[in-house]
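Report on the following structure.
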Protein chains: 2
Amino acid sequence: MATRTRRSQRRTEALSRERIVEAAVELLDTAGESGLTFRALTERLATGPGAIYWHVANKDELLDAATGAVVAAALAAEPAARAEAAESADPAELAKSAESTKPAESPDSPQDKIRAIAFGLFGAIEDHPWLPTQLALQLSRSPWGSVTPQIFESIGQQVRALGVPEGHWFTAASALVHYILGATGQNAANNASARTLAPDVDRAEFLDAASKAWEELDPDDYPFIRAVAAQMREHDDREQFLAGIDLVLTGITALHLPGEQGRTTPPAT
Amino acid sequence: MATRTRRSQRRTEALSRERIVEAAVELLDTAGESGLTFRALTERLATGPGAIYWHVANKDELLDAATGAVVAAALAAEPAARAEAAESADPAELAKSAESTKPAESPDSPQDKIRAIAFGLFGAIEDHPWLPTQLALQLSRSPWGSVTPQIFESIGQQVRALGVPEGHWFTAASALVHYILGATGQNAANNASARTLAPDVDRAEFLDAASKAWEELDPDDYPFIRAVAAQMREHDDREQFLAGIDLVLTGITALHLPGEQGRTTPPAT
DNA sequence: ACCTGAACACCGTTCAAGT
DNA sequence: ACCTGAACACCGTTCAAGT
């Protein structure tokens, strides 16, 4: 802890948009969304606010760039993500789901690639819990800004590879992306609140507490949540997340399967 | 336009948390998220900031209360929502999807109730475009605050009524809620950006412009989005939204159907 | 118990001035 | 072209004081 981000050191390197975005991500990671201010940024970069505004139009653009950088990294890490997931998840659980009666599906099937993309984003929130919130904010700022299309595109390509009829591409890709972003956001929030409420306590204990809180809800108003509280206690985040992906994938597959008994709506013609 | 929110008029009514939240919603609706400030609020309510802080802990709590009020209204409007939706959607489209080969399904089936809940929230964004963003922000503030559980519960009850095996309740309800919130957010953003970019132009022209922008993306980087751009031009928001709901419903139904050919993962035991 | 409103700390952003 | 840093407008929040 001798040379801890000495500002005199940094001063030598030239300021650039890239370095600013990098510093913004670091600040978001370590100090949270409220920790990213222009003053904190200028201190970290040893400059004045004017210098930052030379490279970046405003705070929103900076936030978008930070979000974009992290998402791009997560999507690029696709192949590695699966291995990492296997490593950090409960080995017993993983083995169980791997060996059981899964239908024939090639190792690099579109399904697997979709899971890999999803897992890449899911994993990114561990280091960047602010990601889902910023994705939502960016969506509201500019719906078809740069980040969402990246995710939509990478998922969409696999949807196409899945053999989904063209008329359903948009619907199928949207359903997957929305599920992924929603579940990712939910999980980031859970993590954050686990850390905030009890920083020293581990995840399992937090889930236990949360599940108890659920069980104490008014049975008349919240019968379902109460009933589901028990499941919550012993659920594994990654497993749950994957189960949701597979559920949506099942729905998508049904769009072009011959015997379409589960369908509730006609194709869009 | 004679007596337009005269402050002297209001002064007579006593200040209350309810009235503050009501004013906050109005401000959000008319002036957007950046328009809701304590100064604008004090002016509208003809008080000082201290008075507001007597009834409300801080801005986040106020935002949460506003979000909660609007969501509660949307969920309560369930039955009416369908009728309203039928009225404002393109009649030809609706008729088409209504008469065609839909499998036998009672008029008040869980599926229909889920669609009604979803439509209620979907419809609420017309008047309250800030809703999805605030839902996301509230989620990140307190994951199991008051609003999300309300939505989760009402969807969950129908999931149970659907006959989903208990082990999948959580997954099924989560998938639905995430899709609904995601699609709702996407749509709110589209509406907002349509209004911002071209306030005088109607929705169809905006979609046309957006779809053209998509078609101009680099074909090497965005083959899927380009391919899907054409679909986007002639898509109907509500129809698209419903198609996504039905896709997820199909996936859920497959969880407990006898011939489970679409499944890619074993049940959670 | 409920309300007033001046004051405080902090924020994003600007801009004349420097190199 | 790139950077400096004081200054500005505005924000959420506090709190001693009133009724």
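Below, read A as the first sequence line, B as the second, and so on, with proteins coming before strands; counting in each chain starts at 1.
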(message) Suppose we define a pair by two distances each less than 3.5 Å, Watson-Crick or G-U wobble; what does dA1(C) pair with here?
(response)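 Across all strands, the one nucleotide that pairs with dA1(C) is dT19(D).
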
(request) Could you check which nucleotide pairs with dC11(D) in any of the strands shown, counting Watson-Crick or G-U wobble with both distances under 3.5 Å? (result)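 Matched dC11(D) with nothing under the 3.5 Å cut-off.
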
Between [N] atom [atom2] and [X] atom [atom1], what is the distance in whole Å?
X	N	atom1	atom2	value
Leu27(B)	dC11(D)	CG	C1'	14 Å
Arg17(B)	dC2(C)	CZ	P	14 Å
Leu45(B)	dC2(C)	CG	P	16 Å
Lys59(B)	dT14(D)	NZ	P	14 Å
Phe38(A)	dA6(D)	CZ	C1'	17 Å
Trp54(B)	dT4(C)	CH2	P	13 Å
Ile20(B)	dC2(C)	CD1	P	11 Å
Arg19(B)	dC3(C)	CZ	C1'	14 Å

With respect to the side chain of [X], which nucleotide from [options] is positioned closest?
X	options	result
Tyr53(A)	dT14(C), dG12(D), dT4(C)	dT14(C)
His55(B)	dC3(C), dC3(D), dG12(D)	dC3(C)
Pro49(B)	dG12(D), dA6(D), dT14(D)	dT14(D)

(message) Categorize Ile52(B) for me: base, sugar-phosphate, or nothing, with a 4.0 angstrom heavy-atom threshold over every strand shown.
(response)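 Result for Ile52(B) = nothing.
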
(request) Would you classify Leu41(B) as touching base, sugar-phosphate or nothing, given that sugar-phosphate means primed atoms plus P, OP1 and OP2, and contacts are heavy atoms under 4.0 Å? (result)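 Touches nothing.
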
(message) Is a donor from one side chain sitting under 3.5 angstrom from an acceptor on the other, for Glu153(B) and Gln157(B)?
(response)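 The answer is yes; a qualifying pair exists.
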
(request) Could you label the plane-to-plane angle of the Tyr53(A) and Phe38(A) rings as parallel, tilted or perpendicular, counting under 30° as parallel and over 60° as perpendicular? (result)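 It falls in the parallel class, under 30°.
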
(request) Begin with the C-alpha distance, continue with both residues' side-chain angles, and end with the deciding distance and a verdict on side-chain contact (heavy atoms from CB on, under 4.5 Å) for Ile155(B) and Ile180(B). (result) CA-CA 10 Å; Ile155(B) 290 289; Ile180(B) 291 170; 3.7 Å; yes

(request) Give, for atom CG of Leu62(B) and atom NE2 of His55(B), the distance between the pair rounded to the nearest 0.5 Å. (result)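 The CG atom of Leu62(B) sits 12.0 Å away from the NE2 atom of His55(B).
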
(message) I'd like the P distance from dC2(C) over to dA17(D), given in whole Å.
(response)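 Between the two P atoms, the distance is 22 Å.
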
(message) I'd like to know whether the aromatic ring centres of Phe152(B) and Phe224(A) sit less than 6.0 Å apart in this structure.
(response)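 Yes; Phe224(A) has its ring centre under 6.0 Å from that of Phe152(B).
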
(request) Give a yes/no answer on whether the side chain of Arg39(A) brings an N or O atom under 4.0 Å of OP1 or OP2 in dC10(C). (result)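 Arg39(A) to dC10(C) OP1/OP2: no side-chain N or O under 4.0 Å.
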
